[in-house]
Number of protein chains: 2
Amino acid sequence: MYTYEYPRPALTVDCVIFGLDENVLKVLLIQRLKAPFEGSWALPGGFVDMRETIDHAAQRELQEETGLENIYMEQLYTFGDVDRDPRGRVVSVAYYALVKFEDYKKVRGATDAMDAAWFAVSELPPLAFDHDKILALAHQRLKNKLRYQPIGFELLPEKFTFSQLQTMYETIWQKELDKRNFRKKILQLGFVMELEEYQTGHQHRAPRLYKFDKEGYLSREAKGADFEG
Amino acid sequence: MYTYEYPRPALTVDCVIFGLDENVLKVLLIQRLKAPFEGSWALPGGFVDMRETIDHAAQRELQEETGLENIYMEQLYTFGDVDRDPRGRVVSVAYYALVKFEDYKKVRGATDAMDAAWFAVSELPPLAFDHDKILALAHQRLKNKLRYQPIGFELLPEKFTFSQLQTMYETIWQKELDKRNFRKKILQLGFVMELEEYQTGHQHRAPRLYKFDKEGYLSREAKGADFEG
DNA sequence: TAATTGTCTTGTATAAAATACACTAAGATT
DNA sequence: AATCTTAGTGTATTTTATACAAGACAATTA
């Protein structure tokens with residue numbers, strides 16, 4: 001038992017993990033093992049330990065509930081409404097990340113969850129707590145972030161075609177893009193490197209493969225990829 | 001005394017309040033009344049009560065320590081390193097806002113602080129805790145936000161001249177702008193309304209006054225003031 | 001009242017970036 | 001060889017960003 005002079009809210013973390021399955025944006029959910037919301041689907045998450053940073057808590061909870069390890073997540077927002085948890089006052093710091101769906105396609109419910117599974121963002125089950133709000137904000141942020149930073153490469157295999165890249169952008173933005181202009185813009189940004197390899201095995205012309213050009217990206221960033229001034 | 005089954009971090013809020021004094025970007029600090037860091041300058045802030053949202057806690061603490069009331073603040077980031085507070089584990093949700101410096105020029109240390117005062121962002125005293133980190137992040141965010149949203153009008157009097165507006169942008173961005181191009185861009189954005197009034201009393205041509213055009217801004221936002229696609 | 005001072009206000013030419021748009025190329029299959 | 005399907009490419013137009021200099025006007029002073 002732990003005693004304090006003043007009452008303290010409990011502190012949790014919640015993780016919004018996005019992945020791209022073909023052309024569908026999905027999110028990783030767990031099925032809750034305990035009350036409240038027993039059996040409901042929810043974002044992976046849990047209580048922050050005293051001896052870990054909140055970033056670490058997010059990583060740990062994700063691992064414990066879904067098995068995903070070493071996922072770099074970014075802090076999203078802290079949710080602190082008074083009645084967001086029926087157990088009492090619980091403040092939750094939300095994180096989000098993009099992962100390669102292929103690498104984590106088969107998730108199992110790990111230690112602290114009945115089950116874990118991917119759901120299309122457009123067809124979600126009812127979620128526990130205020131997790132629908134958290135997820136909506138994360139989706140919003142994802143869309144914005146993609147504009148300025150070359151995240152999203154994390155969603156693709158190491159070598160990818162221009163079609164795959166474009167489809168990813170179209171999926172996350174929910175909008176069709178022109179092939180030629182898209183190619184022009186991406187090449188101009190210098191985020192990708194052309195490879196001398198082609199993706200074969202389909203019944204049509206073999207598309208060239210590309211990979212993310214980290215150096216190109218960083219040198220651009222150093223130059224100051226600023227928009228205004 | 002309050003007892004819990006598991007230990008809990010304490011939860012605080014901290015507020016970064018920016019104001020523009022002539023051409024100098026300033027931030028509102030308080031001088032701490034108690035240990036730790038007694039007598040040090042720090043961001044206004046304090047513990048979250050059980051029956052208030054974290055947003056409310058930020059407003060309340062700001063009021064209690066500086067007297068500023070009804071300031072709309074935006075959540076910035078949550079700081080959760082293990083050793084950021086010598087008293088033990090304390091997680092802090094940071095908020096930031098812009099206020100009209102003129103309206104709050106004379107701050108007093110209110111109930112919970114020895115003193116409160118404005119400091120130029122470029123000439124800060126040593127700060128308590130990790131408040132330098134918080135402030136740096138807030139400044140960063142402020143600069144970015146100004147690009148996309150017409151905040152900053154909160155920093156000016158209701159009626160302002162183009163010079164004042166431009167000087168504000170130059171101060172926050174720390175960069176000189178071309179007068180003609182600046183005027184063109186702002187007018188094109190439709191954020192301001194021309195008034196039939198002029199600012200007199202100086203020994204030179206009287207500049208026209210403008211005010212923030214909320215309708216113009218909102219209609220633009222509805223149209224989708226998007227940058228890409 | 002004419003000249004001076006200091007800021008306010010305005011336009012145009014050029015360069016860069018975004019957009020719209022349609023055909024040929026090349027594997028795979030029949 | 002013909003067909004199917006996706007890959008790949010260029011140009012003209014519009015929009016936006018940038019660079020840049022002179023006259024307008026109110027107040028003050030000679």
Side-chain angles (χ1 to χ4, degrees), chain A residues 22-23 144 146-148 150 156-157 159-171 173-211 216 220 223-229, chain B residues 22-23 144 146-148 150 156-157 159-171 173 175-211 216 220-221 223-229:
Chain A
E22 306 291 331
N23 301 349
N144 282 322
L146 200 55
R147 285 183 185 157
Y148 311 118
L156 296 173
K159 299 172 184 179
F160 51 84
T161 67
F162 247 98
S163 282
Q164 288 179 290
L165 184 61
Q166 181 169 345
T167 301
M168 183 196 74
Y169 273 80
E170 289 178 332
T171 303
W173 282 344
Q174 320 242 46
K175 177 184 218 167
E176 294 202 348
L177 304 170
D178 180 86
K179 260 197 299 184
R180 283 165 293 190
N181 295 339
F182 178 78
R183 187 178 288 256
K184 209 184 303 174
K185 200 182 288 190
I186 294 290
L187 290 176
Q188 173 187 302
L189 288 172
F191 289 174
V192 298
M193 265 184 75
E194 196 174 280
L195 300 174
E196 286 306 321
E197 293 177 61
Y198 299 83
Q199 187 183 69
T200 54
H202 293 92
Q203 59 182 14
H204 52 75
R205 177 174 176 180
R208 183 186 282 274
L209 291 167
Y210 292 79
K211 67 173 194 179
R220 191 179 176 75
K223 253 187 287 172
D226 256 25
F227 291 95
E228 308 223 4
Chain B
E22 305 293 330
N23 302 348
N144 283 322
L146 200 55
R147 285 183 187 156
Y148 310 117
L156 297 173
K159 298 172 184 178
F160 50 86
T161 67
F162 248 97
S163 280
Q164 288 178 291
L165 185 61
Q166 181 169 347
T167 301
M168 184 196 72
Y169 274 78
E170 290 178 332
T171 303
W173 282 344
K175 178 185 219 167
E176 295 203 347
L177 304 170
D178 179 87
K179 265 196 296 187
R180 282 165 294 190
N181 295 338
F182 178 78
R183 187 180 289 256
K184 209 184 300 173
K185 200 183 288 189
I186 293 291
L187 289 176
Q188 174 188 301
L189 288 172
F191 289 174
V192 299
M193 265 185 75
E194 195 175 279
L195 300 174
E196 287 306 321
E197 292 177 62
Y198 299 83
Q199 187 184 70
T200 54
H202 292 91
Q203 59 182 14
H204 52 76
R205 177 172 175 180
R208 184 185 281 275
L209 290 168
Y210 292 80
K211 67 174 192 177
R220 187 177 179 77
E221 205 176 35
K223 252 187 287 173
D226 255 24
F227 290 94
E228 308 224 3

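In the text below, chain A, chain B and the rest are named by the order of the sequence lines, each starting its count at 1. Treat the numbers as computed from the prediction; the structure is a model and nothing was measured. Any value given below was found using the heavy atoms of this structure, including those in side chains, with hydrogens, waters and symmetry copies removed.
Atoms CD (B:E197) and C1' (C:dC8) sit 17 Å apart, rounded to a whole Å. Taking atom CD1 of residue A:I186 and atom P of nucleotide C:dA18, one finds them 12 Å apart after rounding to whole Å. Remark: P of D:dT6 and CD of A:Q166 are 14 Å apart, rounded to the nearest angstrom. Here D:dA17 presents its P atom at 14 Å from CG of B:L187, a figure rounded to the nearest Å. Spacing between atom CZ of B:R183 and atom C1' of C:dT12 amounts to 17 Å, rounded to whole angstrom units. Taking atom CZ of B:F182 as the reference point, atom P of D:dT16 lies 18 Å away to the nearest angstrom. Rounded to an integer number of Å, the gap from A:H204 NE2 to D:dA7 P is 5 Å. As a whole-Å value, the separation of A:Y198 OH from C:dA28 C1' is 17 Å.
When each of C:dC21, D:dA7, D:dG8 is scored by its nearest atom to the side-chain atoms of A:D178, the top-ranked nucleotide is C:dC21.
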Contacts under 3.5 Å, N or O only, protein and nucleotides 28-30 of chain D:
none

Pairs under 3.5 angstrom, nitrogen or oxygen only, protein versus nucleotides 22-24 of chain D, please.
{"from": "D:dA24", "atom 1": "N3", "to": "B:R205", "atom 2": "NH1", "distance (Å)": "3.0"}

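Residues B:F160 and B:K211 come closest through the heavy atom pair CE2-CA, 3.8 Å. When all heavy atoms are compared, the tightest approach of A:Q166 to A:D178 is NE2-C, 4.0 Å.
For D:dA7, one of the phosphate oxygens OP1 or OP2 lies less than 4.0 angstrom from a side-chain nitrogen or oxygen of A:S163. In terms of phosphate contacts, B:R180 brings no side-chain nitrogen or oxygen within less than 4.0 Å of OP1 or OP2 of C:dT9.
From A:E170, atom CD reaches atom CG of A:L165 across 10.0 Å, with rounding to the nearest 0.5 Å. Taken to the nearest 0.5 Å, the CG atom of A:L195 stands 11.5 Å off from the OG1 atom of A:T161.
Salt bridge present: A:E194 and A:R208 bring a charged side-chain N and a carboxylate O closer than 4.0 Å. Classification of B:K159 and B:E197 as a salt-bridged pair holds, one side-chain N sitting under 4.0 Å from a carboxylate O.
Classification of the B:W173-B:Y169 ring pair by plane angle, with boundaries at 30° and 60°, yields perpendicular.
The base of C:dT10 does not come close enough to the side chain of B:K184 for any donor and acceptor atom to sit less than 3.5 Å apart.
Nearest-nucleotide mapping onto DNA chain D: of A:P207 and A:N181, the residue sitting toward the 5' end is A:P207.
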Before giving the answer on side-chain contact (heavy atoms from CB on, under 4.5 Å), spell out for A:Q199 and A:Q164 the whole-Å C-alpha distance, their side-chain angles and the decisive distance to 0.1 Å. CA-CA 11 Å; A:Q199 187 183 69; A:Q164 288 179 290; 4.1 Å; yes
Would you sort out whether A:T171 and A:T167 count as a side-chain contact (heavy atoms from CB on, under 4.5 Å), showing the intermediate values? CA-CA 6 Å; A:T171 303; A:T167 301; 3.9 Å; yes
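Counting non-hydrogen atoms under 4.0 angstrom, A:R208 reaches the backbone sugars and phosphates but no base.
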